[in-house]
Amino acid sequence: MSQKDYDMNPRWYVVHTYSGYENKVKTDLEKTIKNRELEEYFFDIIVPMEEQIEIKDGKRKTNLKKVFPGYVLIKMIVTEETWYIVRNTRGVTGFVGSGTDPIPLTDDEIRNMGFDEAEINVDYELNEQVEVMNGPFEGFVGTVQEISKEKHKVKVLVSMFGRETPVELEFSQVKKVQ
């Protein structure tokens with residue numbers, strides 16, 4: 001396959017690993033990518049984890065548990081070289097897919113896993129007035145100071161006790177004042 005035959009858009013792929021090697025594979029891949037200066041082909045490497053709360057002897061303990069043991073998710077552009085690097089990383093048994101062709105995750109699969117990358121558009125802009133809809137600052141009106149689409153948060157200056165106080169809120173917690 002020549003370079004022009006590849007999809008040059010980054011896509012999510014699932015890589016199968018030996019059980020227990022997920023974090024090692026992630027670390028080794030990150031080192032190799034940095035050493036070979038291939039950062040423009042690799043965008044994210046994730047070992048999906050979820051918090052699990054355990055109560056033992058009346059004490060709460062929070063553990064991180066792998067959601068998909070034996071798998072690592074990689075957002076990358078597949079080329080002959082990137083495919084080779086991932087495939088030959090110690091602990092990797094191969095891409096999930098048929099035969100030699102890695103198959104990217106569909107948009108629905110990404111959304112279901114919580115990696116939804118849909119662009120969130122808010123109806124307010126910097127320096128506009130918004131009202132806080134819920135939470136401890138419910139009913140307060142403030143001015144939008146900063147919008148962070150990556151974190152899905154907005155920083156609002158709210159007047160409390162005669163002073164402007166910056167408050168960081170979720171997008172869903174505020175609405176534009178009409």
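By convention here, the first residue in the shown sequence is residue 1.
- Considering only residues two or more places apart in sequence or on other chains, Lys31 meets the salt bridge (Lys or Arg N to Asp or Glu O under 4.0 Å) condition with none of them.
- Within a 6.0 Å sphere centred on OH of Tyr18, heavy atoms belonging to other residues, nucleotides or ligands number 12 at most.
- Phe161 and Leu157 are members of different hydrophobic clusters when ILVMFWY side chains are connected at heavy-atom separations under 4.5 Å.
- Taking 4.5 Å as the limit, every side-chain heavy atom of Lys66 sits out of range of all side-chain heavy atoms of Pro48.
- A 4.5 Å side-chain heavy-atom check between Thr62 and Gln52 finds every atom pair outside the cut-off.
- Between Glu39 and Lys34, some side-chain heavy-atom pair lies under the 4.5 Å cut-off.
- Glu128 and Thr143 are not linked by any side-chain donor-acceptor pair at a separation below 3.5 angstrom, with hydrogens and angles left out of the test.
- Residues Val130 and Val154 fail the side-chain proximity criterion, which asks for heavy atoms closer than 4.5 Å.
- In this structure, NZ in Lys176 is found 14.0 Å from CD in Glu131, a value given to the nearest 0.5 Å.
- Between Leu29 and Ile74, some side-chain heavy-atom pair lies under the 4.5 Å cut-off.
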List the steps, then state whether side chain to side chain contact (heavy atoms under 4.5 Å, CB included) holds for Glu164 with Val158. CA-CA 5 Å; Glu164 293 285 304; Val158 177; over 6 Å; no

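- Among all heavy-atom pairs drawn from Gln173 and Asn134, the shortest one is CG-OD1, 3.1 Å.
- Checking side-chain atoms of Glu40 against main-chain N and O of Leu38 turns up no donor-acceptor pair under 3.5 Å.
- Scanning both residues, Arg11 and Pro104, for their nearest heavy atoms gives NH2-CG, 3.4 Å.
- Between Tyr21 and Gly91, the shortest heavy-atom distance links the atoms CD2-CA, 4.2 Å.
- Residues passing the side chain to side chain contact (heavy atoms under 4.5 Å, CB included) test with Asn63 are Glu54, Lys61, sequence neighbours excluded.
- Here the side chain of Thr106 pairs a donor or acceptor atom with the backbone of Glu109 at under 3.5 angstrom.
- Looking at Thr79, its side chain does come within 3.5 Å of a backbone N or O of Thr82 through a donor-acceptor pair.
- In this structure, His16 and Tyr71 have side chains that are in contact, with non-hydrogen atoms separated by less than 4.5 Å.
- In the hydrophobic clustering of ILVMFWY residues, with side-chain heavy atoms under 4.5 Å counting as a link, Val25 and Met49 come out together.
- When all heavy atoms of Pro69 and Glu22 are compared, the closest pair comes out as C-OE2, 3.4 Å.
- Residue Val92 is not grouped with residue Ile103 when hydrophobic side chains (ILVMFWY) are merged at heavy-atom distances under 4.5 angstrom, including chains of intermediate members.
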Mind running side chain to side chain contact (heavy atoms under 4.5 Å, CB included) on Leu169 and Val156 for me, showing each step along the way? CA-CA 8 Å; Leu169 303 162; Val156 179; 4.2 Å; yes

Quick one: do Tyr124 and Ile147 satisfy side chain to side chain contact (heavy atoms under 4.5 Å, CB included)? Show the steps, please. CA-CA 9 Å; Tyr124 43 83; Ile147 299 173; 4.2 Å; yes

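- Heavy-atom minimum distance, Phe171 versus Lys153: CE2-O, 3.2 Å.
- Counting heavy atoms from C-beta outward, Trp12 and Lys75 have side chains that approach closer than 4.5 Å.
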Show your working on side chain to side chain contact (heavy atoms under 4.5 Å, CB included) between Tyr13 and Val96 and close with a plain yes or no. CA-CA 8 Å; Tyr13 295 89; Val96 172; over 6 Å; no

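- Annotation: side chain to side chain donor-acceptor pair (under 3.5 Å) contacts of Gln145 (sequence neighbours excluded): none.
- Both Val67 and Ile46 are part of a single hydrophobic cluster, where members link through side-chain heavy atoms under 4.5 Å apart.
- You'll find the side chain of Ile33 reaches within 4.5 Å of the side chain of Ile45, heavy atoms only.
- Neither Met160 nor Val177 shares a network with the other; the hydrophobic side chains, linked directly or stepwise wherever heavy atoms of I, L, V, M, F, W or Y lie under 4.5 Å apart, form separate groups for each.
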